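Worksheet for the structure shown next.
Being a predicted model, the structure only gives us computed values, none of them experimental.
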Amino acid sequence: MELKIMTDKDLLFFDKEWSSKEQVIESLVDSLYKNGNIDSKEIFLQAVLDREKLSPTGMEAGLAIPHGKSNVVKKAAFAVAKLRTPVSDWESIDPNNQVKLVFLLAIPDTEAGSTHLRLLSELSTRLMNPNYLKRLYAADNTESFLVALDEIEQEKVSATPIGDGPKKKVLAITACAAGIAHTYMAAEALEKAGRELGVEVLVEKQGANGIEDEHLAARIKEADAVIFATDIAPKGMERFNGLPFIRTKVAQPLREAKAMITKVLENPDGTVNVNEEASETKEEKKGFFSELAAAILTGISYMIPVIVSAGLMIGIAKLGAMPFGLVQEINQLEYATHSNQLLVILHHLDKFGGMIFKFMYPVFGAFVAYALANRPGIVSGFIGGAFAAGLHFTFWGVEGGVASGFLGALVLGLTAGYVSKIANEKIKLNKNFQAMKPMLLIPAISVLSVFFMNFYFVDPVFGALNVWLTNVIAAAESSGALFLSSIIAGATAFDLGGPINKAAGAIAIGLAADEIFPLTARVLAIVIPPIGLGLATVIDRYVVGRRVFEADLRVAGNTSLLLGFIAISEGAIPFMLRNPLLTIPLNIMGAILGACTAVILGAVQWYPLPAIWGWPLVENVWAYLIGLAVGAGFIAFSNIFIRYALLKRKERKAVS
């Protein structure tokens with residue numbers, strides 16, 4: 001593919017009288033916004049300016065490559081400016097650089113491995129070639145510039161080997177915050193310098209495309225030294241234990257590549273030992289709440305496939321049972337040995353989906369802990385999630401293990417992660433006993449911590465909450481229909497299949513079994529939140545002019561909508577975990593509003609059939625559907641309006 005598809009005539013500017021770095025960047029950001037490449041110029045501008053603070057984006061020979069990475073970038077692209085008057089104060093790797101040619105790269109957060117990001121990487125590499133750059137300077141209009149973008153030639157290099165004997169092999173890792181420009185330019189500079197010195201230099205790029213040209217064990221075994229040219233902590237540093245190394249900023253190879261190769265072979269900083277170098281290899285510390293949010297997002301991202309796969313298995317089983325009129329009965333034990341083999345398969349498929357659901361919270365807890373403590377946190381996080389999912393155990397003859405749901409999984413996952421992280425940092429052992437730490441000490445300490453946290457805090461707190469809500473619901477039996485409907489609907493929508501939901505279900509089904517009160521509010525409150533949140537993402541994608549949901553939540557929204565129609569409310573859990581203070585109240589209000597609307601209009605459902613195939617059994621089904629539409633619509637539009645307002649407030653803060 002050609003680089004010219006990454007830009008547009010409206011993104012190319014010639015002979016502009018932009019006199020400062022800020023004016024150049026703001027003008028190019030504005031052009032990307034007007035061209036539809038980014039959703040918000042304020043947020044993207046702030047991302048570019050934040051990147052400017054990390055290291056110089058001015059290069060040499062009049063070139064500058066500012067760039068920003070943000071979720072407001074719809075698709076990777078670049079804008080270009082050729083200036084009439086050079087900018088002399090643009091921070092550059094060459095102190096005397098007079099910036100005349102500026103490439104502004106727009107990098108999305110979620111396109112790792114895409115063709116567009118690979119092309120931006122290719123552009124960064126080509127800009128290291130003086131002849132290529134010369135042709136770009138010679139182009140004086142849009143057409144000739146676009147042609148020059150894709151004119152490349154092979155560079156001829158003469159080698160002057162270092163030392164005598166076999167050819168030396170140096171490995172390198174390059175990585176910058178945004179993962180495009182400096183990452184690939186530094187790699188190209190090191191490889192070029194290696195060819196000129198007669199040294200084989202192999203570079204692993206840890207960038208926006210993920211890890212490229214990864215150094216595997218066989219290559220590392222043959223290497224003489226390793227260079228870490230990174231602005232962030234390199235991944236997998238322990239692979240190089242025992243090799244001589246040097247550590248620099250990612251921009252340093254752009255001006256000192258030959259000197260770096262010579263130094264690592266003749267006078268290295270030391271020998272890689274991950275434990276000794278741990279303090280030097282960590283990323284810049286995040287704030288507590290940023291770290292917390294990143295851990296939760298990691299847990300959600302790994303949990304979503306579990307929810308989707310479980311829901312699909314159950315959905316396929318229920319849909320397959322519809323022609324037999326056995327949608328609700330298919331999970332009963334007698335169908336495990338039914339004479340109809342199709343019903344046997346559907347029964348086991350339904351049970352299989354239910355089994356997969358049990359892994360939802362263990363996976364969530366494991367990867368919350370993993371995000372905080374890396375591999376040492378996985379086991380204890382998984383065990384914490386298993387407690388939250390309702391794993392029962394006997395402790396001194398007392399049965400324990402309240403199903404504390406997503407809040408319990410969150411608390412226990414964070415406990416596992418932070419305990420494992422602190423233990424890993426604080427426990428110091430002789431190098432001969434280092435293997436004991438990840439294999440014995442950290443798991444023992446973190447699993448015990450999760451056990452006591454669950455036994456003395458999570459079980460009692462969420463168990464007491466469960467009992468209290470059960471009593472509240474039971475006490476409402478003699479109250480008016482709307483009040484009782486509100487209590488049942490609100491409790492059902494609160495934790496989407498968790499213990500409070502189940503308490504509401506037990507009371508509601510008991511009332512229905514005694515023909516005291518129908519299940520209308522209960523069954524509506526099961527489907528309204530997932531359908532409402534799924535509908536919100538559809539409206540966000542196709543109706544609203546800008547995106548208020550992140551890309552991964554838009555994907556989760558499709559699943560939530562599908563699962564809502566087959567009465568699996570867990571499809572909405574990713575939204576709840578991402579922003580519980582917003583999502584939980586809106587779910588409760590939407591469920592109450594929809595349930596009460598249906599009850600007022602005369603809808604009655606006595607059967608525990610919330611899925612779409614149960615709707616024909618509702619008395620006054622139109623009232624039921626109106627209630628569903630009111631509740632789901634409230635959740636959808638209130639989510640969009642509130643999220644949009646929060647996004648605008650964030651933009652105003654970014655500008656100020």
Side-chain angles (χ1 to χ4, degrees), residues 3 13-16 18-25 28 48 51-68 78-105 120-139 145 148-149 151-153 155-158 172 174-197 201 203 205 207 227 229-231 248-263:
L3 285 176
F13 301 90
F14 296 87
D15 294 323
K16 286 294 181 179
W18 295 333
S19 57
S20 68
K21 177 177 78 172
E22 290 73 20
Q23 186 181 10
V24 174
I25 291 175
L28 292 178
V48 176
R51 173 61 189 84
E52 289 294 309
K53 298 174 184 176
L54 297 178
S55 60
T57 57
M59 302 298 167
E60 56 187 358
L63 177 66
I65 313 179
H67 47 282
F78 62 86
V80 183
K82 291 181 70 175
L83 306 177
R84 180 174 297 175
T85 304
V87 176
S88 58
D89 59 352
W90 199 306
E91 296 85 352
S92 303
I93 61 169
D94 177 3
N96 300 315
N97 192 34
Q98 302 286 309
V99 172
K100 295 178 287 185
L101 178 62
V102 181
F103 283 79
L104 175 63
L105 312 186
L120 281 190
S121 309
E122 174 67 17
L123 170 64
S124 301
T125 303
R126 290 185 191 181
L127 290 172
M128 291 295 294
N129 187 324
N131 293 329
Y132 180 78
L133 199 57
K134 185 177 180 180
R135 287 194 294 274
L136 293 181
Y137 276 120
F145 190 87
L149 271 176
E151 286 184 4
I152 56 175
E153 62 184 23
E155 190 177 3
K156 296 179 181 179
V157 180
S158 58
T174 59
C176 67
I180 290 288
H182 285 69
T183 299
Y184 292 89
M185 297 178 83
E188 175 67 13
L190 286 167
E191 290 170 351
K192 178 182 176 183
R195 291 192 295 269
E196 293 176 353
L197 293 172
V201 177
V203 184
K205 280 79 72 177
I227 295 171
T230 65
D231 286 341
T248 71
K249 291 289 188 181
V250 71
Q252 191 162 335
L254 301 180
R255 59 180 181 272
E256 298 177 3
K258 286 185 180 180
M260 289 170 61
I261 295 171
T262 302
K263 180 180 179 183

Taking only residues two or more places apart in sequence or in another chain, which ones pass side chain to side chain donor-acceptor pair (under 3.5 Å) with Trp90?
Thr57
Once rounded to the nearest 0.5 Å, what's the spacing between atom CH2 of Trp18 and atom CZ of Phe13?
5.0 Å
What are the two closest heavy atoms between Ala187 and Val203, and how far apart are they?
CB-CG1, 3.5 Å
Provide the closest heavy-atom pair for Leu254 versus Ala186 in the form atom of the first, atom of the second, distance.
CD2-N, 3.7 Å
Residue list, side chain to side chain contact (heavy atoms under 4.5 Å, CB included) with Gln98, at least two apart or on another chain:
Pro86, Ser88
Could you report the tightest heavy-atom contact between Leu133 and Ala61, atom names first, then the distance?
CD2-CB, 4.0 Å
NE2 (His67) and CD1 (Ile25) are apart, to the nearest 0.5 Å, by 10.5 Å
For Ile227 and Leu190, work out which heavy atoms get closest and say how close.
CD1-CD2, 4.2 Å
Evaluate the side-chain proximity of Met59 to Met185: yes if any heavy-atom separation is below 4.5 Å, no if none is.
yes
For residues Ala79 and Leu28, report the shortest heavy-atom separation together with the two atoms involved.
CB-CD2, 4.0 Å
Roughly how far, to the nearest 0.5 Å, is CD1 of Ile93 from CZ of Arg255?
6.5 Å
Quick one: list whatever passes side chain to side chain contact (heavy atoms under 4.5 Å, CB included) with Ser19, sequence neighbours left out.
Gln23
Which label fits Phe78 and Phe103: parallel for a plane angle under 30°, tilted from 30 to 60°, or perpendicular past 60°?
tilted
Between Val250 and Ala229, the two heavy atoms sitting closest are CG2-O, 3.5 Å
Please examine the side chains of Tyr132 and Leu149, heavy atoms only from C-beta on, and report whether any two atoms are closer than 4.5 Å.
yes
If I take atom CD1 from residue Ile65 and atom CZ from residue Arg51, how far apart are they, to the nearest 0.5 angstrom?
10.5 Å
Set of residues satisfying ring-ring contact (aromatic ring centres under 6.0 Å, His included) with respect to Tyr137, sequence neighbours excluded
none
Supply the atom-to-atom distance Glu191 CD to Glu196 CD, rounded to the nearest 0.5 angstrom.
12.5 Å
Could you tell me whether the side chain of Glu256 reaches within less than 4.5 Å of the side chain of Thr248, counting heavy atoms only?
no
Can you list everything that forms a salt bridge (Lys or Arg N to Asp or Glu O under 4.0 Å) with Arg84? Sequence neighbours excluded, please.
Glu17
As an exercise, state the distance from CG of Leu136 to CG of Asn131, rounded to the nearest 0.5 Å.
11.0 Å
Distance-only, no hydrogens or angles: does the Lys192 side chain make a donor-acceptor pair with backbone N or O of Asn129 under 3.5 Å?
no
Going by the salt bridge (charged side-chain N to carboxylate O under 4.0 Å, His left out) test, which pairs reach into residues 90-101, not counting sequence neighbours?
Lys21-Glu91
Quick one: does Asp89's side chain have a donor or acceptor within less than 3.5 Å of a partner on Ser20's backbone?
no
Would you indicate whether the side-chain heavy atoms of Asn97 and Val99 approach each other to under 4.5 Å?
yes
